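Counting starts at 1 for both ligands and their atoms, in listed order. Since the model is a prediction, treat every value here as computed from it, not as a measurement. The figures that follow rest on heavy atoms only: side chains count, while hydrogens, waters and symmetry mates do not.
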Amino acid sequence: MPAPLISPSILSADFAKLGEEVRAIDEAGADWIHVDVMDGHFVPNLTIGPAVVKALRPHSAKPFDVHLMISPVDLYLDAFADAGADHIIVHPEAGPHIHRSLQHIRSLGKKAGVSLNPGTPAKMLDYLLDLTDVVLVMSVNPGFGGQKFIASQLGKIEAVATMIAKRGLSTIVEVDGGIDPVTARQCVDAGAGALVAGTAVFKDGPAGYARNIAALRGD
Ligand code: DX5
Ligand code: ZN
């Protein structure tokens, strides 16, 4: 089983020194930098917008994995692309035309992602998968870090990985929420190629980042 890519979520970082935190996880071996964007409407929490993504951009050359939990989402796709997002991930429930949103993200030269909430079935991808570079399977309900992994999502990870293999696509299955070394292993066994982790990476402060990222990778 190849080692998963690790995308630490800066939602669990020290917001008073985000630039420093992004540099620290980059140096500690992060593959991607996961940025959780929340609007207090699509999810019950508020975080950051494109200006912060732009300010963080010079602090790492690694791909910015930008998870948009905002509705309506379409109005902001260009702004996040301009700010330096590499992956732009949207929820099907966050706009009226998810197919068009994915087409638009690709037309901006960015990798297009679809995020499935725990209650959203894999079937949602039937007519979207060919336009999707990353499927983000939510293993918690979006909105907050530090929640418990919902084990029923393992079946969805498997179903999505099977759909991708059947179609011969190179879409990556990424899993977000409640990832620790144990659930990480379960997700990889189910077919995940990338894992988001907030708490499990940041919990011990900067001295623990490299060790915690390695533990998620299964090193
Ligand atoms: C939840 C976010 C996650 C979250 C993960 O809405 O999408 O990225 O930060 O945090 P942990 O790893 O603490 O569950
Ligand atoms: Zn996320």
Side-chain angles (χ1 to χ4, degrees), residues 4-15 18 21-22 25 28 30-50 52-53 56 62-71 73 76 80 85-94 105 111-120 132-154 156-157 172-188 192-205 208-209 211-217:
L5 300 169
I6 304 298
S7 189
S9 165
I10 60 168
L11 186 61
S12 298
D14 182 342
F15 270 33
L18 270 185
E21 292 276 66
V22 166
I25 50 172
D31 296 290
W32 299 344
I33 312 295
H34 190 78
V35 182
D36 284 307
V37 177
M38 305 185 185
D39 67 351
H41 165 72
F42 184 69
V43 290
N45 195 3
L46 273 168
T47 57
I48 62 175
V52 176
V53 173
L56 292 175
K62 304 242 168 106
F64 275 17
D65 185 39
V66 177
H67 178 192
L68 299 181
M69 288 160 276
I70 60 177
S71 170
V73 68
Y76 298 98
F80 282 100
D86 297 285
H87 309 163
I88 302 183
I89 302 174
V90 295
H91 285 253
E93 298 86 355
I105 294 167
K111 301 236 186 267
V114 176
S115 182
L116 302 179
N117 280 331
T120 304
T132 304
D133 300 293
V134 177
V135 175
L136 184 69
V137 175
M138 294 306 301
S139 40
V140 298
N141 283 295
F144 303 96
Q147 303 182 78
K148 190 177 166 342
F149 183 81
I150 302 172
S152 64
Q153 301 306 302
L154 289 167
K156 193 190 293 177
I157 296 165
I172 296 178
V173 183
E174 184 175 23
V175 185
D176 188 1
I179 297 294
D180 60 23
V182 173
T183 56
R185 181 60 207 257
Q186 294 170 340
C187 292
V188 171
L195 304 170
V196 176
T199 309
V201 169
F202 287 93
K203 62 185 170 131
D204 305 316
Y209 295 169
R211 182 182 67 240
N212 291 340
I213 289 172
L216 293 171
R217 217 179 254 131

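Between Asn117 and Thr120, the side chains place no donor N or O within less than 3.5 Å of an acceptor N or O (distance only, hydrogens not considered). Side-chain contact annotation: Asp65 with His67, donor-acceptor N/O pair under 3.5 Å absent. No hydrogens or angles considered: a donor-acceptor pair under 3.5 Å links the side chains of Asp204 and Asn212. No donor-acceptor contact under 3.5 angstrom links the side chains of Asp36 and Thr47, judged on distance only.
The closest heavy-atom contact to atom 11 (P) of ligand 1, among the options Gly146, Ala13, Ala200, comes from Gly146. Of the listed options Thr183, Val196, Asp176, Leu195, Asp176 places a heavy atom closest to atom 3 (C) of ligand 1.
Among all protein heavy atoms, the one lying closest to atom 14 (O) of ligand 1 is Gly178 N, 2.8 Å. Residue, atom and distance of the protein heavy atom nearest to atom 13 (O) of ligand 1 are Thr199 OG1, 2.4 Å. The protein atom (non-hydrogen) at minimum distance from atom 12 (O) of ligand 1 is Gly198 N, 2.7 Å.
Below 3.5 Å of separation, one finds no N or O of Leu11 facing any N or O of ligand 1. The shortest N/O to N/O separation between Gly145 and ligand 1 does not fall below 3.5 Å. Considering backbone and side-chain N/O of Gly143, one or more are found under 3.5 Å from N/O of ligand 1. At under 3.5 Å, not a single nitrogen or oxygen of Asn141, backbone or side chain, sits near a nitrogen or oxygen of ligand 1.
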Discussion item. Phe64 vs Trp32, test: side-chain contact (heavy atoms from CB on, under 4.5 Å). Steps then yes/no.
Written reply: CA-CA 6 Å; Phe64 275 17; Trp32 299 344; over 6 Å; no

Worksheet item: Between Asp86 and Lys62, is a salt bridge (charged side-chain N to carboxylate O under 4.0 Å, His left out) present by the stated rule, with each step listed?
Response: CA-CA 9 Å; Asp86 297 285; Lys62 304 242 168 106; over 6 Å; no

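Of all the atoms in ligand 1, the ones that sit under 4.0 Å from a non-hydrogen atom of Pro142 are 6 (O). Of all the atoms in ligand 1, the ones that sit under 4.0 Å from a non-hydrogen atom of His34 are 8 (O). Ligand 1 places these atoms under 4.0 Å from at least one heavy atom of Gly177: 14 (O). Within ligand 1, the atoms closer than 4.0 Å to a non-hydrogen atom of His67 are 7 (O), numbered from 1 in the order shown. Listed by number with element, the atoms of ligand 1 under 4.0 Å from a non-hydrogen atom of Met38 are 6 (O). Close contacts of ligand 1 with Ala197, meaning ligand atoms under 4.0 Å from a residue heavy atom, involve 12 (O). Against a heavy-atom cut-off of under 4.0 Å, Met138 is close to the following atoms of ligand 1: 7 (O). In the vicinity of Phe144, heavy-atom distances shorter than 4.0 Å reach the ligand 1 atoms 1 (C), 6 (O).
In this structure, CD1 on Ile179 lies 12.0 Å from OG on Ser9, to the nearest 0.5 angstrom.
Side-chain contact between Ile172 and Leu5: present, with at least one pair of heavy atoms (C-beta onward) separated by less than 4.5 Å.
Distances from the Zn ion (ligand 2) under 2.8 Å pick out these protein N/O/S atoms: His34 NE2, Asp36 OD1, His67 ND1, Asp176 OD2.
A donor-acceptor pair under 3.5 Å is formed between the side chain of Ser115 and the backbone N or O of Leu136. Here the side chain of Glu21 pairs no donor or acceptor atom with the backbone of Ala13 at under 3.5 angstrom.
The shortest non-hydrogen separation linking Val43 to Pro142 is CG1-O, 3.6 Å.
Annotation: Arg185, atom CZ; neighbour count of heavy atoms from other residues, nucleotides and ligands within 6.0 Å does not exceed 12. Counting heavy atoms of neighbouring residues, nucleotides and ligands inside a 6.0 Å radius, atom CZ of Phe144 exceeds 12 of them.
With sequence neighbours excluded, the residues that form a ring pair (Phe, Tyr, Trp, His ring centres under 6.0 Å) with Phe42 are His91.
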